[in-house]
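Naming convention: chains lettered A, B, ... in sequence-line order (proteins, then strands); numbering from 1 in each chain.
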Amino acid sequence: MTQLTLYNTRTRAKEVFTPIDPANVRAYLCGPTVYDRAHIGNARNVVMFDILIRLLRRLYPKVTYVRNITDIDDKINNRAKERGLPIEQVTEGPIRWYHEDMGALYALPPDIEPRATEHLPEIIAIIERLIANGHAYVAEGHVLFSVASDPDYGKFSGRTPDELIAGARVDVAPYKRDAGDFVLWKPSTPDLPGWDSPWGRGRPGWHIECSAMSWKHLGTDFDIHGGGDDLIFPHHENEIAQSCCAFPGSHFAKTWVHNRMLLVNGEKMSKSLGNFKVLNDVLQTAPGEAVRLLLMRSHYRSTLDFSDAGLVEARKELDRFYRALEAHPGVKAASEVPECVLEPLLDDLNTPGALSGVHGLADAALAGDASAAAAMLAAGHVLGLLNVSPAEWFAGDIPAEVQDLAAQRVEARKRKDFAESDRLRDAIAALGYAVEDGPGGTYKLRKS
RNA sequence: GGUCCGGUGGCAGAGUGGUGAUGCAGCGGACUGCAAAUCCGCGAAUGUGGGUUCGAUUCCCGCCCGGACCUCCA
C-alpha cells in the first residue's frame with residue numbers, strides 16, 4: 001500500500017492524501033518576497049516542499065507545482081525609493097539569487113513561477129467579485145475585506161472573532177468597519193508604483209495575490225498549499241476567506257502543510273530580532289547538499305535549531321554515504337525507492353526516518369552489496385541527495401599544492417621515512433585536506 | 001492574557017500500549033609504520049507527580065520548563 005499521509009493544518013490531523021484529480025496533482029507554495037537574499041528559513045520551506053513534490057511525482061503521473069514570486073511589496077517600494085530605481089530593477093537581483101541559492105540545495109524549480117506584477121487583472125477580478133458578493137467594501141480609496149461577512153473567518157487558524165478584536169493593534173485605521181478587516185487594494189501616491197483599477201491608481205494588499213495566482217494556475221480548488229507556520233495567520237486565513245468568498249461553493253486548498261520556524265542558537269529567527277542567517281552565507285561554508293541534509297535531519301513540523309555543529313555532522317553523514325557509493329563504481333539507481341526510505345516518507349514526510357533507512361543501505365553497500373548502493377541512489381532521487389559522483393564529492397578542487405605534498409608523502413613512505421611522511425600529512429591537514437592510505441601504498445585526498 | 005506545540009542517551013533526532021530507530025561524539029578490539037577510512041563489539045535516555053491498564057516513554061489530569069502564533073516574517 002503506497003498511501004501518502006500528510007498532516008493537514010486545516011483539520012489538525014494526519015490524513016490519507018487523496019488527490020482531487022489523480023491525473024494532475026496541484027500544489028502551491030508561498031514563495032519569496034524579492035527584496036533581499038533568501039535566508040535558511042526559506043530554504044527549509046523549499047526543501048521540504050521539494051521532497052513532497054518529488055514524492056508525489058513517484059506516486060502520480062502528473063504534478064503541477066506552482067511557487068509564486070511576490071514582487072509587489074512595501075519593502076520593495078522602500079528599496080526602490082532609496083536607490084531611485086524602478087521596482088523591476090530592485091527585484092531582478094533577488095530573483096536571480098533565489099534561483100541560484102535554491103538550485104544549490106538541489107531544489108527542483110516549480111512548473112510555474114507566477115509573479116504578482118503579472119497578475120493584476122486576476123487580482124482586480126477577484127476584488128470585484130468580493131465587492132459584488134458583499135464581502136468587501138470601498139473606503140477612502142481602499143478596498144477592504146469584511147471579516148464580519150464571512151461566518152467561517154477565523155476557523156482555519158482557530159481564532160474566534162472575540163480573540164481577533166482583542167488581538168487587534170491600537171492603530172486600527174478609522175475607515176475599517178471591523179478591526180480585523182484587511183486591505184485588498186490600497187491607493188498609491190504618485191511617487192509609488194501603482195496600477196489602474198476601478199478604485200483608482202493603487203496596488204494590491206499582501207494576501208490577495210496568492211488567491212489570484214493560485215486561481216489562475218490551479219483553479220478554485222486544488223490539492224496542497226504550503227508555507228511556514230507563521231503564515232497560518234493572517235496570510236493563509238485571509239487567502240482562504242478571499243478565495244472562498246469570491247468563488248462561493250469552492251474550498252480553495254484541500255490539504256495545508258506548514259513547516260515550523262527554525263531556530264538559530266536556540267532563538268527564533270525573525271526579522272524583528274535581526275538574527276537572520278542568509279542562505280548564501282551558509283553556502284559559502286558548506287556544500288549545498290550538506291545544508292539540505294541538515295534541513296532534513298529533523299521533521300518539518302518540529303523546531304530545528306540550525307547550528308554549525310549540525311552542519312558538520314550533516315557533512316560527515318554525506319561522507320559516509322558517498323564512501324558507500326564509491327565502493328560500487330558505475331552502479332545505477334534502482335527503479336524503485338527502497339521500502340526503508342519510502343515508508344517513512346509516506347508517513348507525513350518523516351525525513352529523519354528516511355535518512356535512517358539510507359544509513360542502513362550504506363552499511364550494506366559498504367559490506368559489498370551492490371544492490372544496496374543502487375537503492376541508495378534511488379533514495380537520493382526522491383530525497384534530493386547524492387546528486388554528484390563520489391569523486392566530485394570528495395575531491396572538490398584539490399589545489400596543485402596539496403597534490404604535490406601528497407605525492408611527496410608517497411615517496412617518503414616508500415623510503416620508510418615516516419617522520420617526513422607525518423610532517424607532510426600535517427601540512428596537508430593544515431590546508432584543509434585529509435589523506436587516507438590504502439592497500440599498496442596508494443592514497444586518497446579529500447576535504448576535511 | 002488568549003490559542004497551540006513540545007520536553008527522549010553527552011549532543012542531534014525518530015518511532016512505539018509490551019525487549020527504546022538512526023547519526024555525531026565516547027570506549028574496547030581488528031586493520032595501519034602511526035593514522036585515516038572500514039569492520040566487530042560496548043556503554044549511555046523517555047522533565048515531574050498522579051490516574052487508566054496485566055503492562056505507559058506512548059493514553060488522561062496536575063505541575064515544572066521551553067517554544068510558537070495573536071504584528072512584518074518561511
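Scanning atom types as modelled, no donor and acceptor separated by under 3.5 angstrom connect the side chain of Asp319(A) and the base of C24(B). In this model, no side-chain donor or acceptor of Arg297(A) finds a partner on the base of G23(B) within 3.5 Å. Contact of Arg425(A) with C34(B) (side chain to base): a donor-acceptor pair of N or O atoms is detected under 3.5 Å.
Shown here, C54(B) forms a base pair with G18(B); the pair counts as Watson-Crick or G-U wobble because both key distances fall under 3.5 Å. Nucleotide G28(B): paired with C40(B) (Watson-Crick or G-U wobble, both distances less than 3.5 Å). Base-pair partner of C4(B): G67(B) (Watson-Crick or G-U wobble, both distances under 3.5 Å).
Across G33(B) and C40(B), the matching C1' atoms stand 23 Å from one another, rounded to whole Å. Annotation: G55(B) and U19(B) have their P atoms spaced 16 Å apart (nearest Å). Taking atom C1' on both nucleotides, G51(B) is separated from C69(B) by 32 Å, rounded to a whole Å. G9(B) and A21(B): their C1' atoms are spaced 13 Å apart (whole Å). Here, C42(B) and G10(B) have their C1' atoms 16 Å apart, quoted to the whole Å. On the C1' atoms, U46(B) is 12 Å away from G15(B), given to the nearest whole Å. When the C1' atom is used for both U53(B) and C60(B), the distance is 12 Å, rounded to whole Å. Between G41(B) and C31(B), the two C1' atoms lie 15 Å apart (nearest whole Å).
Nearer the 5' end of RNA chain B, as judged by each residue's closest nucleotide, is the contact made by Arg12(A), out of Trp206(A) and Arg12(A). With RNA chain B read from its 5' end, the first of the two nearest nucleotides for Ser298(A) and Val435(A) is the one closest to Ser298(A).
Within 6.0 Å of CD on Glu336(A) lie no more than 12 heavy atoms contributed by other residues, nucleotides or ligands.
Residue Asp305(A) contributes atom CG, which lies 18 Å from atom P of G6(B) at whole-angstrom precision. The separation between Glu317(A) atom CD and A14(B) atom P is 13 Å, rounded to whole Å. Atom pair Leu231(A):CG and A68(B):P shows a separation of 16 Å (rounding to whole Å applied). For the pair Leu263(A) CG and A74(B) C1', the interatomic distance rounds to 14 Å; values are reported in whole Å. Between Ile72(A) atom CD1 and C72(B) atom P the separation is 18 Å, expressed in whole Å. We find that CG of Asp229(A) is positioned 13 Å from C1' of C70(B), with the value rounded to whole Å. Rounded to whole Å, atom C1' of A74(B) lies 13 Å from atom CG of Leu304(A). Atom CD in Glu313(A) sits about 10 Å away from atom P in G13(B), given to the nearest Å.
A close approach under 4.0 Å does not occur between any side-chain nitrogen or oxygen of Lys75(A) and OP1 or OP2 of C73(B). Using a 4.0 Å cut-off, some side-chain N or O of Arg323(A) falls inside it from OP1 or OP2 of U38(B).
Across all strands, His39(A) comes closer than 4.0 Å to base atoms (heavy-atom distances). Within the 4.0 angstrom heavy-atom criterion, no nucleotide atom of any strand lies near Gly310(A). If you check every strand for non-hydrogen atoms under 4.0 Å, Leu355(A) touches nothing. Residue Leu262(A) is classed as a base contact, given a heavy-atom separation below 4.0 Å to a base.
Across A74(B), C39(B), A36(B), the shortest atom-to-atom separation from the side chain of Leu366(A) is found for C39(B). Nearest nucleotide to the Ser302(A) side chain, out of G67(B), C34(B), A14(B): A14(B). Considering only the side chain of Asn259(A), A74(B) comes nearest among C34(B), A74(B), G23(B). The nucleotide whose nearest atom lies closest to any side-chain atom of Ser356(A) is, among C34(B), A21(B), C73(B), A21(B). Closest approach to the Lys316(A) side chain among A21(B), A25(B), A74(B) is made by A25(B) (side chain taken as heavy atoms from C-beta onward). The side chain of Arg260(A) sits closest to C5(B) out of C5(B), A35(B), C73(B). Counting only heavy atoms from C-beta on, Asp422(A) has its side chain closest to C34(B) among C34(B), A14(B), G67(B). Nearest nucleotide to the Arg446(A) side chain, out of C70(B), A36(B), G15(B): A36(B). Of all nucleotides listed (G33(B), A14(B), A74(B)), G33(B) comes nearest to the side chain of Ser421(A). The nucleotide whose nearest atom lies closest to any side-chain atom of Asp230(A) is, among G33(B), G23(B), C69(B), C69(B).
Ring planes of Phe321(A) and His359(A): tilted class, angle from 30 to 60°. Between Phe222(A) and Tyr28(A), the ring planes are tilted. Angles from 30° to 60° get that label. The aromatic rings of His207(A) and Phe182(A) lie perpendicular to each other, with more than 60° between the two planes, well past the 30° mark. Using bins of under 30°, 30° to 60° and over 60° for the plane-to-plane angle, the ring pair Trp256(A)/His258(A) lands in the parallel bin.
Cation-pi geometry between Arg446(A) and Tyr433(A) is not satisfied (NZ or CZ under 6.0 Å from the ring centre, within 45° of the ring normal).
Glu209(A) and Thr70(A) form a side-chain donor-acceptor contact under 3.5 Å, judged by distance and modelled atom types alone.
A salt bridge does not link Arg413(A) with Glu420(A): every distance from a Lys NZ or Arg NE/NH1/NH2 to an Asp or Glu carboxylate oxygen is 4.0 Å or more.
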